[in-house]
Amino acid sequence: MKGFLLDIDYETRDGRAVVKLFLKGEEANFIAVDDSFLPYLYALPSGEVEGLVERIREAGNGESRVKDVLLEDKKFFGRDLKALKVVLEHPQDVPRLREIIKNIEGADMVLEHDILFVRRYLIDRDIAPLSWIEVEGEKSNAELRIRKISLAEGKFPELKVLAFDTEVYNPKGAPREKVDPIIMISLASNTGLRKVLTWKKPDRNIDFVEVLENEKAILKRFEEIMRQEDFDILVGYNTDNFDFPYLVERLKKLELVLALGRDGSEVQIKGRRALPEARIKGRAHIDLYPIIRRAVKLSSYVLENVVKEVLGIKKEKIPGDKLWRDWDEGGENLEKLIKYSMEDAEVTLRLAEKFLPLQYELTRIVKQPLHDVSRMTAGQLVEWLLMREASKGSELIPNHPAGEEFIRRTEETYIGGYVREPKKGISEDIAVFDFRSLYPSVIVTHNIDPSTFMRGRNENRVPGLDYCFSKEKKGFIPAILENLIDHRMKMKQRIRQSKDELEKRMLEVQQYALKILANSFYGYMGYPRARWYKKECAESVAAFARMYIQKVMKIAEEEFKLEVVYGDTDSLFVLIGKEKEKALQFLEHVNKTLPGIIELEHEGFYKRGIFVTKKRYALIDEWDKITVKGLEFVRRDWAPIAKRTQQEVLSALLKDASPEKAASIVRKTIEDIRSRNVSMEDITIYTQLTKGISAYKNIEPHVIAAQKLVKRGREVAPGMIISYVITKGTKMISQRAEPVEFVSLQDYDPEYYIENQIMPAVLRIIEAMGYSKDYLKEGIEQESIKKWF
DNA sequence: CTTAGCCGGGG
DNA sequence: GTGTACGGCTAAG
């Protein structure tokens, strides 16, 4: 039978671990089970093997249940060796045996003792989630008992995706599980479902509303819809951290059981100490929040902002204190609330359509469950890819670093990329070049791998270091990376040839997934938690890269007489004047001198740029599109006026090339602040109170402001956004934070807003203009820029 | 300068 | 569940 693997899990039946595969069949969904797979670990013998085998078998007698000990030929960091595979009864026997073997004489090391059972199953059976699987076996109850399993061919099927959002009554700031009910559940699916489940009837009929008796009833109805429509994927926004944990607590309180899992199981919240995650067996639960955080850099990840930046949709947010009032007041306010809730689910679905395809592709490359892959960092993705490749090539998988080793690694540092000190100020007609995937190319070209690393030789030597990398055998990591890069090149070729837009889009996502992975290998080797960590490798990649970028800069300056105004790691910015052809000649020449797959590319032309310091600059292209790096105000506890002023200054410099105009904008803003010609909104700073006031050790401005709210008889609770302004006075800044509702424009401290908000935002840029203090002082008798402003 | 503590998203 | 985040920023030391 053929099935598309959606999810995998295991459970214990009669003391035996049974792997459960959730499959989407060609006709119907089904569950297949496999009880033939046993957990194991490896022990490395330090000397004579016979005795060790005996000792392990004896140690296993009784409680620890050793099924078998097998001598295998394996490799460890490329070296051939013998390892003992210790096969056990149940995954939970593994940690116990691990401890026993560690203390047995003659065992050097225990390996592969912490690989989750189902993940190991996927690797060893060589199957992958979101792929078609051929299973042979016999029906037993509602399940198929697997006799044989293998990968199969097939087209990616339509997956049924449900986006959902819950609204919770919250009269005291953050809602309290024991008291505050869930008042709405909104649903939007790619099968056309649009629905808000609630238990308060709006005055007028709204077609997508289903009014039920009470909270319990909407929860039950949610379960019913889930089971009837049998969704493959469930998406939400911050649902790991809020919606599902809250739902689970409410269910306990209401003494209600919801079987949302495909096998009738309940939602499980895992990882209490770290970040929680909500698992729904048989379906993938995807929380878009962590995905979007990794995928796009934004100043705020509030849903409304994400939707605005990513989808270009304007959507209003209902502030926390308004939500419960709207519910209480009913009438039009209730209708508004219902519509907003519906909108939340709808935009979540739109975001899912945008971000899920990449997760699908990463899942298919890394070959671990979608639920897990969607929560992995880039380093984890690389690691799972390496783990599978290691097993294929009988490489033993190294352990994660233990306590002290991890600390040692975090303390190891090395020199990173080369950054050229910029020519400060405005430059015109700039050509930008960068190396195509420089770090991955260096790893492959120079065969950089823990197993090829040597010291004190001369072949393939790392510039400036006593390291070199043998080219005798292709390293484990470069081999995998090369494969990935080849694959991606072929994909890009197919994109160029394809005429079918849909196919192009699919291939585009695939090549992008490969790019993400390829670009993560360098970081991985320098990541302290990595199994294949090797500082010297990461260090060498950076050293080779520095050599190449410096070499190319030298060619630009000495052979082509092009002025290099800036460059960072893998890029260089040169003044090209009006001779655009020269850029291409330079490029062609450079590429003849570069070895292996290392290649320089032309990134673009810009008509103007401002360079402030390393990593801080702004460019404008021929179509007036502005790119800003390192200057943006990403923190939300900046007053709006500071950010706006910075943007206006940048625009004056880039579009008008007018430092005078920039200066006058700053001057005008300062005047406005001094003369109090600003709005409250301009100067209000927002920070969330995330716990009770007394729980804070550090007293920050928003905490002081919250204390003042309490003093005035207002209730504050965790979760409230505190809006405050900094007022006049001589005390510390934090002591001068006042809740915005208790102050007027007469109270704020202009000097604070000028010195701590406006100045940091614009001063660096203004200074980089080569704006001598003298120039700024012209006509104004002041000593410094600060005073002049 | 380094170190310790806090924050995010959700309602 | 054969597992335990993370990177950025601020105030204090």
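What you see is a predicted model; the values in this text were computed from it and never measured.
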query: Checking all strands, does A:Asp240 fall into the base, sugar-phosphate, or nothing category for heavy-atom contacts under 4.0 angstrom?
result: nothing
Donor-acceptor pairs are to be reported for all side-chain atoms of residues 375-384 of chain A against protein atoms at under 3.5 Å, with residues two or more places apart or in another chain.
| residue | atom | partner | partner atom | Å |
| --- | --- | --- | --- | --- |
| A:Arg375 | NE | A:Asp240 | OD2 | 2.9 |
| A:Arg375 | NH1 | A:His285 | O | 2.9 |
| A:Arg375 | NH1 | A:His371 | O | 2.8 |
| A:Arg375 | NH1 | A:His371 | ND1 | 3.4 |
| A:Arg375 | NH2 | A:Asp240 | OD1 | 3.1 |
| A:Arg375 | NH2 | A:Asp240 | OD2 | 3.3 |
| A:Arg375 | NH2 | A:His285 | O | 2.9 |
| A:Arg375 | NH2 | A:His285 | ND1 | 3.2 |
| A:Thr377 | OG1 | A:Gln380 | N | 3.4 |
| A:Thr377 | OG1 | A:Gln380 | OE1 | 3.3 |
| A:Gln380 | OE1 | A:Thr377 | N | 2.8 |
| A:Glu383 | OE1 | A:Tyr524 | OH | 2.2 |
| A:Glu383 | OE1 | A:Arg531 | N | 2.8 |
| A:Glu383 | OE2 | A:His400 | NE2 | 3.0 |

- prompt: Between residues 176-184 of chain A and DNA chain C, which residues have a heavy-atom gap below 4.0 Å?
  reply: none
- prompt: With a 4.5 Å heavy-atom cut-off, do A:Lys67 and A:Leu38 have their side chains touching?
  reply: yes
- prompt: Looking for any heavy atom pair under 4.0 Å, which part of the strands does A:Gly236 touch: base, sugar-phosphate only, or nothing?
  reply: nothing
- request: Quick one: sort the A:Phe164 and A:Phe222 rings into parallel, tilted or perpendicular, breaks at 30° and 60°.
  value: parallel
message: Need one value for A:His90: base, sugar-phosphate or nothing, where a base atom within 4.0 Å counts as base even if backbone is also close, heavy atoms only.
response: nothing
task: Would you indicate what A:Ile115 reaches in the nucleic acid, counting non-hydrogen atoms under 4.0 angstrom: base, sugar-phosphate, or nothing?
output: base
message: Once you apply a heavy-atom cut-off of 4.0 Å, does A:Phe244 come out as touching a base, just sugar-phosphate, or nothing?
response: nothing
- prompt: Do we see a donor-acceptor contact under 3.5 Å between the side chains of A:Glu738 and A:Thr727?
  reply: no
- request: Can you figure out which of B:dG8, B:dG10, C:dT2 approaches the side chain of A:Phe242 most closely?
  value: B:dG10
message: I'd like to check the ring pair (Phe, Tyr, Trp, His ring centres under 6.0 Å) partners of A:Phe22; sequence neighbours left out, ordered by chain and number.
response: none
- prompt: Which part of the nucleic acid, if any, lies within contact of A:Tyr40, taking any heavy atom under 4.0 Å across all strands shown: a base, the sugar-phosphate backbone alone, or nothing?
  reply: base
statement: Of the candidates C:dC6, B:dG9, C:dT2, the side chain of A:Thr377 sits closest to C:dC6
message: Checking contacts here: which listed nucleotide (C:dT2, B:dG10, B:dG9) is nearest the side-chain heavy atoms of A:Tyr301?
response: B:dG9
field: Proximal nucleotide (of B:dG8, B:dG10, C:dC6) relative to the A:Leu303 side chain
entry: B:dG10
field: Distance test, side-chain N/O of A:His702 to OP1/OP2 of B:dC7, below 4.0 Å
entry: yes
message: By the 4.0 Å heavy-atom rule, please label A:Tyr10 as base, sugar-phosphate, or nothing.
response: sugar-phosphate
message: On the side chain of A:Asp243, is there an atom forming a donor-acceptor pair with the base of B:dG10 - under 3.5 Å, no angle test?
response: no
message: Measure CG/A:Asn241 against P/B:dG9 and give the value in whole Å, please.
response: 11 Å
message: Measuring from the side chain of A:Arg529 (C-beta onward, heavy atoms only), which nucleotide among C:dA5, B:dG10, C:dT2 has the closest atom?
response: C:dA5
field: Per A:Glu304 side chain, nearest of listed nucleotides C:dT2, C:dA5, B:dG10
entry: B:dG10
query: Nearest to the side chain of A:Leu275 - C:dT2, C:dA5, B:dG10?
result: C:dA5
message: Checking A:Tyr533 against A:Glu412: is there a side-chain donor and acceptor pair closer than 3.5 Å?
response: yes
message: Does A:Asp344 reach a base, just sugar-phosphate, or nothing at all? Heavy atoms under 4.0 Å.
response: sugar-phosphate
query: Within the structure shown, what part of the strands sits under 4.0 Å from A:Arg98 by heavy-atom distance: base, sugar-phosphate, or nothing?
result: sugar-phosphate
task: Would you classify A:Thr166 as touching base, sugar-phosphate or nothing, given that sugar-phosphate means primed atoms plus P, OP1 and OP2, and contacts are heavy atoms under 4.0 Å?
output: sugar-phosphate
Taking every non-hydrogen atom, the tightest pair across A:Val168 and A:Pro175: CG1-CB, 3.5 Å
query: Quick one: does A:Arg714's side chain have a donor or acceptor within less than 3.5 Å of a partner on A:Leu709's backbone?
result: no
message: Please compare A:Arg293 and A:His400 by the position of their nearest nucleotide in DNA chain C and report the one closer to 5'.
response: A:His400
